[in-house]
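Quick caveat, the model's predicted, so the values are computed rather than measured.
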Amino acid sequence: MRKATFLSLLLLALVSFSGFKAAAQNSACDLWVENNTASTLTNISFTSPIDMVTFSNIAAGGTRAGVLQYAIQDDATVTLFFSNPPVGAKASIYNSSSSTPDGVISIQPGLNIFQLNGPIASGAIWVRIN
């Protein structure tokens, strides 16, 4: 009995200290971009640790859709670039709710970067630029 208990405890200790971790859960979510400005959106990228999706030259008033693969607990990055940024434009980034944005950024000349903190909701990442 003592030998079986000792072996069980030894096995438990080895597994605990071996660095064994459960595999990350991967998923996918829809991407939706609305460019409601008078300028062409030169480039928008969605990046997760396991995937990157890029759309180029979304015309004024245009939309694009796609799918991003991601690990549920990880962050995702949204990067926007306008060659001629519309004055006063803002990008609202939605993930967990379609009525309340997870973040809003003012569009500036050059790269505009937003970090969407995990866990990422499985429905969609939606970027609306007004």
Side-chain angles (χ1 to χ4, degrees):
M1 178 73 170
R2 295 184 91 192
K3 188 175 185 179
T5 303
F6 174 74
L7 289 175
S8 296
L9 289 173
L10 179 62
L11 181 61
L12 180 63
L14 288 173
V15 169
S16 297
F17 295 114
S18 69
F20 174 79
K21 295 182 181 173
Q25 279 189 295
N26 292 339
S27 190
C29 69
D30 294 332
L31 301 174
W32 181 257
V33 180
E34 288 181 27
N35 180 14
N36 300 316
T37 70
S39 299
T40 297
L41 174 58
T42 306
N43 184 285
I44 183 167
S45 294
F46 299 87
T47 307
S48 76
I50 60 173
D51 195 11
M52 180 175 174
V53 177
T54 301
F55 302 121
S56 298
N57 299 318
I58 301 176
T63 61
R64 290 279 171 86
V67 175
L68 179 71
Q69 304 291 320
Y70 65 96
I72 293 171
Q73 72 279 2
D74 289 334
D75 298 342
T77 303
V78 180
T79 307
L80 300 100
F81 179 77
F82 280 89
S83 292
N84 297 306
V87 177
K90 294 184 187 250
S92 300
I93 295 97
Y94 300 83
N95 179 239
S96 56
S97 166
S98 62
S99 59
T100 305
D102 290 273
V104 177
I105 57 174
S106 295
I107 302 297
Q108 303 297 319
L111 288 178
N112 297 270
I113 300 170
F114 180 78
Q115 185 76 27
L116 187 59
N117 296 320
I120 304 298
S122 61
I125 297 174
W126 173 24
V127 178
R128 177 187 285 166
I129 306 163
N130 292 314

Going only through I, L, V, M, F, W and Y residues with side-chain contacts under 4.5 Å, is there a path from [X] to [Y]?
{"X": "I93", "Y": "W32", "answer": "no"}
{"X": "V33", "Y": "V78", "answer": "yes"}
{"X": "F55", "Y": "L116", "answer": "yes"}
{"X": "L41", "Y": "Y94", "answer": "no"}

What is the minimum heavy-atom distance between [X] and [Y], and which atoms define it?
{"X": "Q69", "Y": "I50", "value": "O-CG1, 3.7 Å"}
{"X": "G118", "Y": "D75", "value": "N-OD1, 2.7 Å"}
{"X": "S92", "Y": "V104", "value": "OG-CG2, 3.8 Å"}
{"X": "V67", "Y": "D51", "value": "O-OD2, 4.0 Å"}
{"X": "N95", "Y": "P119", "value": "OD1-O, 4.5 Å"}
{"X": "S122", "Y": "S27", "value": "CB-OG, 4.4 Å"}

Drop me the distance from [X]'s [atom1] to [Y]'s [atom2], to the nearest 0.5 angstrom.
{"X": "I72", "Y": "I120", "atom1": "CD1", "atom2": "CD1", "answer": "10.0 Å"}
{"X": "I105", "Y": "I129", "atom1": "CD1", "atom2": "CD1", "answer": "8.0 Å"}
{"X": "F114", "Y": "L80", "atom1": "CZ", "atom2": "CG", "answer": "10.5 Å"}
{"X": "I125", "Y": "L31", "atom1": "CD1", "atom2": "CG", "answer": "5.5 Å"}
{"X": "N26", "Y": "Q73", "atom1": "CG", "atom2": "CD", "answer": "8.0 Å"}
{"X": "D74", "Y": "S48", "atom1": "CG", "atom2": "OG", "answer": "7.5 Å"}

Heavy-atom side-chain proximity of N35 to I44 below 4.5 angstrom: no

Is N84 atom CG crowded by more than 12 heavy atoms from other residues, nucleotides or ligands, each under 6.0 Å away? no

Considering the options T54, V127, T77, which one meets the side-chain contact (heavy atoms from CB on, under 4.5 Å) requirement together with F46? V127

